[in-house]
Amino acid sequence: MTVPDPLLFGHDATPGIVAVHADLSGRALVWRRAGDDVTLEQARFRSWLYARDLADVEHLGGRLAWDNDQAPLGVRELSGAPGSLRYLLTAADGRQLRHSVLRGASHRLGRPITSLHDLRGYYSVGAVEQYLMASGRTYFGGMAFNDPHRLQFDLETTSLTPDTGRIFMVALRDNRGFEQVLEARQAHQEPALIHGLLAVIAARDPDILENHNLMGFDLPFLMGRAEKHRIALTLGRSGGPPGVWRVQDGRSSPHWACAGRELVDTIDAVRRLDLPSASLKVVSQLFGIAPEGRVYIEGAQVAETYRTNPALVRRYALQDVEEVEALARRVLAPSFALAKMAPRPYHRLPYAGTATGMLEPMLVRAYLQAGHALPGEIAGHDVPHQGGTVHLYAQGVIPRVVKADVASMYPSLIRHDRIGPACDPLGVFLHLMDQLTALRLHHKAAAKRGDPGEHEAMQSAMKLVVNSGYGYLGAGRMALFQDRDAADRVTRRGREVLAQVVGALRGRGMTLIEADTDGVFFSTPEGWTEVQERQLIAEVDALLPEGVSLEFDGRAQAMLSHEIKNYVLLRGDGRLELRGAAFESSRTEAYGREFLQRALRCLLSGDVPGVRDAYLQSLHALDTRKCTNAEVASRVRLTKSPEQYEATRPARQEAAYEALHRLGRSWRAGEKVWLYQRAGQGLTPLDVNPDGRDYDVKHYAAALVSGYASRLRKGLTPEDFRQVFDRSQQPGLFDRPFGAMQPVWEPV
DNA sequence: TCAATCCGGGG
DNA sequence: GTGTACGGATTGA
């Protein structure tokens with residue numbers, strides 16, 4: 001058994017840590033689990049702070065002790081380059097240290113300074129991070145995802161805000177077989193319900209509380225209602241401060257924490273996945289984890305359904321927490337794995353940035369442990385950082401398309417060319433990139449073999465951090481170990497590699513379509529098989545520098561190349577893939593989407609008469625009002641409140657607001673409304689007549705060409721395009737038969 | 001074209 | 001006050 005790398009996993013392997021609470025007074029509460037037992041360890045730690053110079057603490061005089069880790073306030077000079085953060089200030093009480101620095105800085109600058117972050121030349125982190133970095137401990141050593149006691153709870157309420165609604169039900173479950181539904185049929189029972197919830201949590205005593213949108217809904221709602229009833233929200237574990245507090249992290253959406261239990265939100269992890277929706281129900285169906293016989297109740301109907309069919313709502317609520325548990329196992333596992341590496345509490349990781357939130361704390365921990373200075377600020381660049389290349393070589397419909405890409409290009413270049421930050425004399429950055437990559441491959445292989453253990457989560461956690469390496473180098477002053485020149489070298493090498501790929505493909509007779517940072521679309525000669533395509537890619541790969549490899553990334557029957565990053569692929573199995581804003585805009589109306597699907601499929605199959613038919617049929621559906629208002633309506637977001645709009649209205653009238661205004665309706669800022677062009681009336685809310693057909697045919701017939709057919713323009717000659725999308729059925733003098741037309745492409 | 005800003009999702 | 005940051009789509013200069 002190999003010893004885990006201390007730079008990755010921390011230098012103290014204490015197992016079973018499930019929660020850490022620390023404050024600047026130097027007290028750390030560490031809850032550790034062994035089997036069913038949880039013990040609370042009360043630890044002391046010295047608060048620490050990196051400084052470039054001692055100007056702000058000069059006023060302490062002899063009260064600042066040199067090289068004495070027992071003194072109330074101490075300082076050590078660390079080895080490091082001039083201009084680096086070479087002084088490590090430490091204190092028995094971090095509040096006193098911070099106060100001393102702020103006092104000195106206020107005096108020096110002649111204005112009150114209230115935050116260390118308003119000062120240059122310092123590096124500081126929160127108390128828990130200080131403790132974890134200094135002690136070398138991490139969460140969850142030796143534990144599997146389901147070893148901690150995890151409890152899910154979900155509120156059912158009569159509205160979305162605690163000002164207008166109340167809680168009438170709470171569903172709870174945990175990973176020890178517990179399940180319960182608490183209810184408050186009448187409003188006056190709500191305080192008892194809240195007390196009941198707190199009592200269950202205290203009695204079950206879980207390590208982790210989970211829910212979907214916990215931070216954005218359940219917790220704020222619960223806090224709002226508890227406040228209304230003057231109930232102290234004691235969610236924390238005994239031994240620590242009892243309440244819930246806001247985690248200051250500068251984000252617009254607040255997050256909350258309590259002592260002794262990790263509050264984690266599955267929605268944060270889901271948002272990392274770039275799915276079409278982050279909704280619990282949608283994601284659960286996507287992952288196939290929705291329970292058998294799942295009850296679905298529209299949000300606004302839940303309270304009403306409860307009155308008539310409480311049993312159904314109970315089942316619904318329990319299925320919610322069941323789904324959350326299954327979802328958590330799936331999406332929070334990488335954060336759980338990361339918590340074993342990064343010196344950060346578990347609850348921060350689902351929404352922490354991968355670069356400054358994970359990689360950087362690991363870098364700092366290594367420097368702190370080595371007793372080495374941290375980088376100081378370096379002068380900014382005036383030339384902007386140049387990123388990857390995007391180049392369009394051909395537009396139109398191109399047959400036999402192959403996608404090839406350079407696997408993990410930036411991480412590969414970083415490792416192979418040894419590109420790390422110049423301000424990292426200990427070489428921690430490259431060490432982490434190397435070790436994370438090596439271990440990731442190990443876990444990836446183990447996951448593939450189906451070995452026992454959480455290999456998949458480990459490999460995806462490691463991938464997350466490795467992939468943040470390049471972005472971290474170029475992150476500017478956000479990143480302590482940033483290095484613009486290094487980031488430039490990475491992208492420059494990337495451009496060289498891509499150019500080499502493009503050149504080699506072109507030299508072998510391939511038609512280039514589009515190249516983007518680390519991948520390229522090209523067209524192969526007629527009659528080529530996938531085997532030949534893969535051979536070609538292997539051949540080009542052999543020309544590339546060691547450490548990077550070109551891989552086959554799929555093929556398609558044909559591609560419509562429209563604009564950079566806007567294209568459509570027709571796959572071998574008939575699937576149509578639309579990419580880019582031109583093809584998958586959220587504003588797309590149903591009738592237009594349907595037309596596009598049909599027309600694109602025909603165009604990419606070389607069937608121009610089919611495109612013509614699709615157009616005529618869509619037109620016909622409009623003309624004969626086969627489409628309903630709902631099918632032509634589009635959803636518009638109203639960003640201005642009625643008051644705001646009233647203020648700008650005299651200067652500029654906007655159709656969407658006017659539509660509501662005309663009907664004397666009100667709206668909320670941020671609200672989305674479905675609107676359609678009503679014949680003779682202009683833009684009108686859909687709900688006036690959703691199933692009707694009184695839309696403005698002329699408007700939508702014109703929009704069919706200008707808004708949808710126009711996206712096929714590159715695939716036909718201008719003359720053919722005009723003819724295919726000509727309303728009149730009569731052929732013109734110079735028209736040629738549609739059957740004689742073929743899709744076209746041309747070099748850009 | 002770019003940077004500021006808004007939103008997600010929850011009942 | 002345990003004191004800094006999610007990603008994308010959309011909007012405004």
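All chains are named by letter (A, B, ...) in the order of the sequence lines, taking the proteins before the strands, and each is independently numbered beginning at 1.
For A:Leu275 and C:dG7, the CG to P distance is 14 Å, given to the nearest whole Å. Spacing between atom NE2 of A:His255 and atom C1' of C:dG3 amounts to 17 Å, rounded to whole angstrom units. Rounded to whole Å, the distance from CG on A:Asp265 to P on B:dG8 is 15 Å.
No engagement by A:Gly165 is indicated, since no non-hydrogen atom pair under 4.0 Å with the nucleic acid exists.
The side chain of A:Asp274 has C:dG8 as its nearest neighbour among C:dG8, B:dG8, C:dG3.
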Enumerate all atom pairs, one protein N or O and one N or O from nucleotides 9-11 of chain B, separated by less than 3.5 Å.
residue, atom, partner, partner atom, Å
B:dG9, OP1, A:Ser277, OG, 3.4
B:dG9, OP1, A:Ala278, N, 2.7
B:dG10, OP1, A:Leu280, N, 2.8
B:dG10, O4', A:Asn213, ND2, 2.9
B:dG11, OP1, A:Asp320, OD2, 3.3
B:dG11, O3', A:Glu156, OE1, 2.6
B:dG11, O3', A:Thr157, N, 3.1

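In terms of phosphate contacts, A:Arg348 brings a side-chain nitrogen or oxygen within less than 4.0 Å of OP1 or OP2 of C:dA5. At the phosphate of C:dC6, neither OP1 nor OP2 sits under 4.0 Å from any side-chain N or O atom of A:Arg272.
Salt bridge A:Asp268/A:Arg272: absent, no basic N to carboxylate O contact under 4.0 Å.
Every residue meeting the side chain to side chain donor-acceptor pair (under 3.5 Å) condition with A:Glu190, not counting sequence neighbours, appears here in chain and number order: A:Arg225, A:His229. With sequence neighbours excluded, the residues forming a side-chain contact (heavy atoms from CB on, under 4.5 Å) with A:Pro411 are A:Ser408, A:Val466, A:Asn467, listed by chain and number.
Side chains of A:Tyr306 and A:Glu183: a donor-acceptor N/O pair is present below 3.5 angstrom, by distance only. Side-chain contact check for A:Asp23 and A:Ser25: at least one donor-acceptor pair (N or O, by modelled atom type) lies under 3.5 Å.
Side-chain contact between A:Leu160 and A:Phe217 is present, with at least one heavy-atom pair separated by less than 4.5 Å.
The separation of B:dG11 from C:dA5, taken at their C1' atoms, amounts to 29 Å, rounded to a whole angstrom.
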